[in-house]
Amino acid sequence: MKLKFTKMHGAGNDFVVIDAINQAIDFTPEQWRFLADRRFGVGADQMLVVERPQQDDVDFRYRIYNSDGGEVEQCGNGARAFVRFVTEKGLTDKRAIRVETMSGVICPRLEEDGGITVDMGAPILQPQRVPFHANGLDGRAEGEDTLWPLEINGRTLWFSAVSMGNPHAVQVVDDVDAAPVAADGPQIEHHPRFPKRVNAGFMQIVDRHAIRLRVFERGAGETLACGTGACAAVVAGIRRGLLDSPVRVDTRGGTLSIAWAGGASPVLMTGPAVSVFDGEIEI
Ligand SMILES: N[C@H](CCC[C@H](N)C(=O)O)C(=O)O
């Protein structure tokens, strides 16, 4: 088939976005990997698929596939790109949109200034729901958080386990530029205590309202930005008593703003979303 797509990014986390309302698609993991391939295909960290909803009280369903071909529960930067896409393509004239994802309903909003804020829902903090198997580990309490020790490349590293619908393991490092993201990222992603693998966050505290963040993403490797990773890092930092909401998150691809009032309140993420070009590809 000749597939129409839009290439987009949110702070450098890049996407192939597909209107599956006006195109019938049903791709295999190999076809998703082809679309994500930066040499043989289009190239992207994730593919985002826009569908009509299955639930009554939502406007759209949106599905996310990592560049390794696997479908996942949530994508923060993707949620903003989704809003830009459905607005620019005339698929809605709403500015506040309810979107069904594999991990629940999120509520992105197109602001008057063209920025996009997404209610990402409340973080999930019980280890077994991240999911993370903490059994037999001696966690270390810090503020409201519990840090868990994992052996990574012969070193004991201490992580916060947070889910934003997708799993995150967040550690504080002194300098993100010096952090061993390429060496430690795959070991963390595939650690057996994360039965669904995990996104590995490396967070540097700049001050109580600012961090620098790198994320080695599950199923994609290091990306220039990770929206759910930014949410998870800020939640972990606030719970550890290191940060106060709102927090500016500087990533290698741009800046996100994350706000969270604690507890069961939702995490609010604001940031950019850019359409780069429309294209077609034979698949
Ligand atoms: N790699 C993630 C999905 C994409 C999340 C990220 N691109 C974001 O902006 O949240 C996972 O496997 O859970």
Side-chain angles (χ1 to χ4, degrees), residues 7-17 29 32-33 35-36 38 43-49 62-85 99 101-104 106 108 116-121 123-124 129-132 159 161-170 181 185-186 188-191 194-203 211 213-236 249-258 260 266-274:
K7 186 71 176 26
M8 303 186 73
H9 74 86
N13 181 195
D14 68 332
F15 309 111
V16 168
V17 187
W32 290 123
R33 287 192 291 273
L35 287 175
R38 296 191 184 281
D45 295 323
Q46 281 88 31
M47 279 64 63
L48 311 180
V49 181
Y62 128 83
R63 303 177 74 164
I64 303 128
Y65 296 84
N66 278 324
S67 54
D68 71 354
E71 183 172 4
V72 289
E73 310 90 341
Q74 195 53 268
C75 180
N77 290 322
R80 301 193 316 275
F82 160 86
V83 171
R84 185 75 69 211
F85 180 81
V99 190
T101 71
M102 191 196 278
S103 66
I106 57 172
I116 297 169
T117 296
V118 188
D119 171 340
M120 294 296 294
I124 297 167
R129 294 181 59 204
V130 170
F132 171 64
F159 293 93
V162 180
S163 171
M164 291 303 304
N166 60 345
H168 291 268
V170 185
V181 175
I188 301 165
E189 177 191 1
H190 294 278
H191 196 284
F194 292 99
K196 296 176 72 177
R197 296 183 290 154
V198 73
N199 298 283
F202 301 75
M203 162 169 63
I211 63 172
L213 180 69
R214 291 172 70 183
V215 181
F216 188 94
E217 287 198 29
R218 176 181 64 170
E222 182 175 5
T223 57
L224 294 182
C226 179
T228 53
C231 295
V234 168
V235 166
V249 179
D250 290 325
T251 75
R252 291 189 156 185
T255 298
L256 304 177
S257 178
I258 308 294
W260 182 53
V267 182
L268 303 179
M269 170 190 60
T270 301
V274 176

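In each ligand, atom 1 is the first atom listed, and ligand 1 is the first ligand listed. All figures in this text were calculated on a predicted structure; none of them were measured in a lab. Residues take their numbers from the sequence shown, with the count starting at 1.
Only one option out of Asn77, Asn13, Asn66, Val16 pairs with Asp45 in a side chain to side chain contact (heavy atoms under 4.5 Å, CB included); it is Asn13.
Below 30°, between 30° and 60°, or above 60°: for Trp32 and Tyr65 the angle between ring planes is below 30°, a parallel geometry.
Residue-level proximity to ligand 1 for Val72 is carried by the side chain, the only part with a heavy atom below 4.0 angstrom. Contact annotation: for Thr223 versus ligand 1, there are no heavy atoms closer than 4.0 Å.
The main-chain N or O of Arg218 is found under 3.5 Å from a side-chain atom of Asn199 such that the two form a donor-acceptor pair. When atom types are taken as modelled, the side chain of Arg84 and the backbone of Ala273 share a donor-acceptor pair closer than 3.5 angstrom. Here the side chain of Ser67 pairs a donor or acceptor atom with the backbone of Gly219 at under 3.5 angstrom. Counting only distance, with no hydrogens or angles, the side chain of Thr251 and the backbone of Leu224 share a donor-acceptor pair below 3.5 Å.
Every atom of ligand 1 with a heavy atom of Asn199 under 4.0 Å away is listed here by number and element: 1 (N), 2 (C), 11 (C), 12 (O), 13 (O). For ligand 1, the atoms closer than 4.0 angstrom to any heavy atom of Asn166 are 2 (C), 11 (C), 13 (O). Within ligand 1, counting atoms from 1 as listed, the ones closer than 4.0 Å to a heavy atom of Glu217 are 1 (N), 2 (C), 3 (C), 4 (C), 5 (C), 6 (C), 7 (N). Interface atoms of ligand 1 facing Asn77, defined by a heavy-atom separation under 4.0 Å, are 8 (C), 9 (O).
Of the polar atoms of Gly76, at least one N or O is found under 3.5 Å from an N or O of ligand 1, judged by distance alone. Between Gln74 and ligand 1, no N or O atom pair is found at a separation short of 3.5 Å. For ligand 1, none of its N or O atoms has an N or O atom of Glu73 under 3.5 Å away. Inclusion of Gly219 in the set of residues having an N or O under 3.5 Å from an N or O of ligand 1 is not warranted.
No heavy atom of Asp45 sits closer than 4.0 Å to any atom of ligand 1. Between Asn13 and ligand 1 there is a heavy-atom distance shorter than 4.0 Å.
Pro123 places a side-chain heavy atom less than 4.5 Å from the side chain of Met164.
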